Amino acid sequence: MLVEQLTAKLRESATVARKAELAAAEEARDGATPGEKREDARVALEQGSLARGQAARAAKAAGELSALEIFRPTPLPPRGPITLGAVVEVEDEAQGRTFFLAPVGAGIELVGPGGDGFLSVVTPHSPVGKAVLGRRVGDTVEVMVKGEPREWTITFVA
């Protein structure tokens, strides 16, 4: 269910990026008269740059979608190490957080099963993903969050 949700969010992101790319390219091409373009070439250059940026964003989303198509999370053995596809809950002295460890989609927020809470997507390349990958329930990990070290205890893995 989480992979399907993540796929839908990435598809939406790719669609928005493609539309923005087309709009920026059209504006760069047709948005000003030839005289206006001669007077202020910067505008056309900026629109062209914006179009290229949106194209890169769309390409990244397409690549992430391809990675998700082949991703098949497997159930974790009881008390087994954390692997891709795991839902991981961590706690510190102030609060708890829940993460979904996926190959792509870092930073995307998903809704838990039955609408139960929110999960942040982390990847094995992120600081949080690196810290929890291979660990087990009860382990403590240290992670830098917004430039500050945080110590979390892994309280649940599914």
Side-chain angles (χ1 to χ4, degrees), residues 1-30 45-92 95-147 150-158:
M1 181 214 51
L2 294 175
V3 174
E4 289 172 11
Q5 220 181 122
L6 181 56
T7 300
K9 287 188 180 257
L10 288 172
R11 273 197 187 106
E12 180 183 337
S13 178
T15 300
V16 168
R18 277 190 223 101
K19 287 179 181 177
E21 172 194 2
L22 293 173
E26 182 179 329
E27 184 65 27
R29 187 180 59 250
D30 304 329
L45 287 173
E46 287 174 354
Q47 289 297 326
S49 178
L50 180 61
R52 285 188 300 280
Q54 293 297 342
R57 182 174 151 216
K60 180 182 180 218
E64 289 180 339
L65 282 167
S66 293
L68 276 181
E69 286 176 6
I70 60 172
F71 176 57
R72 299 289 177 260
T74 57
L76 297 174
R79 314 264 317 141
I82 295 170
T83 61
L84 272 177
V87 173
V88 181
E89 289 183 9
V90 297
E91 291 182 9
D92 62 12
Q95 66 180 16
R97 301 211 37 204
T98 306
F99 302 106
F100 175 52
L101 189 58
V104 295
I108 293 176
E109 205 167 80
L110 305 175
V111 178
D116 184 30
F118 296 97
L119 300 92
S120 297
V121 176
V122 296
T123 66
H125 306 292
S126 70
V128 173
K130 286 178 186 176
V132 301
L133 198 60
R135 301 298 188 108
R136 300 171 191 272
V137 171
D139 287 352
T140 299
V141 296
E142 190 170 303
V143 181
M144 293 294 283
V145 178
K146 297 180 183 176
R150 295 268 172 93
E151 194 172 274
W152 287 331
T153 301
I154 299 170
T155 58
F156 176 81
V157 177

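Since this is a predicted model, take the numbers as computed values, not measurements.
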Checklist entry - CD1 of Ile154 to CD of Glu89: how many Å apart, nearest 0.5 Å? => result 11.5 Å

Next on the checklist: For the CD atom on Glu12, are there more than 12 heavy atoms of other groups (residues, nucleotides or ligands in this structure) within a distance under 6.0 Å?
Outcome noted: no

Checklist entry - Roughly how far apart are Arg11 CZ and Leu6 CG, rounded to 0.5 Å? => result 10.5 Å

Checklist entry - Which heavy-atom pair separates Leu84 from Leu133 by the least distance, and what is that distance? => result N-CD1, 4.2 Å

Next on the checklist: Would you compute the distance between atom OG1 of Thr123 and atom CD1 of Ile108 and round it to the nearest 0.5 angstrom?
Outcome noted: 11.0 Å

Checklist outcome for this item: Rounded to the nearest 0.5 Å, the CG atom of Leu68 sits from the OG1 atom of Thr7 at a distance of 4.5 Å

Checklist entry - Quick one: are Pro127 and Lys130 in side-chain contact, heavy atoms under 4.5 Å? => result no

Checklist outcome for this item: Between the CG atom in Leu2 and the CG atom in Leu119, the distance rounded to the nearest 0.5 Å is 6.0 Å

Checklist entry - Do Glu151 and Asp92 touch side chain to side chain, with heavy atoms closer than 4.5 Å? => result no

Next on the checklist: Testing the basics here: between Gly85 and Phe100, what is the closest heavy-atom pair and its distance to 0.1 Å?
Outcome noted: O-CE1, 3.4 Å

Next on the checklist: Between Val88 and Trp152, is there a side-chain heavy-atom distance shorter than 4.5 Å?
Outcome noted: no

Checklist outcome for this item: Nearest heavy-atom contact between Val141 and Arg135 is CG1-NH1, 3.8 Å

Checklist entry - What's the shortest heavy-atom distance between Ala102 and Pro124, and which atoms? => result O-CD, 3.4 Å

Checklist entry - Would a 4.5 Å heavy-atom cut-off, applied to side chains only, mark Leu110 and Lys9 as touching? => result yes

Checklist entry - So, Arg136 side chain and Arg79 main chain: donor-acceptor pair closer than 3.5 Å or not? => result yes

Checklist entry - Would Arg18 and Thr15 satisfy side-chain contact (heavy atoms from CB on, under 4.5 Å), going step by step from the backbone distance to the final call? => result CA-CA 5 Å; Arg18 277 190 223 101; Thr15 300; 4.0 Å; yes

Checklist entry - Looking at Leu101 and Gly129, what are the two nearest heavy atoms and their distance? => result CD1-CA, 3.9 Å

Item to check | Inter-residue atom distance Lys60.NZ - Arg57.CZ, 0.5 Å rounding | outcome: 10.0 Å

Item to check | Student check: side-chain heavy atoms of Phe99 and Val132 closer than 4.5 Å | outcome: no

Next on the checklist: Testing the basics here: between Pro81 and Gly134, what is the closest heavy-atom pair and its distance to 0.1 Å?
Outcome noted: CB-O, 3.5 Å

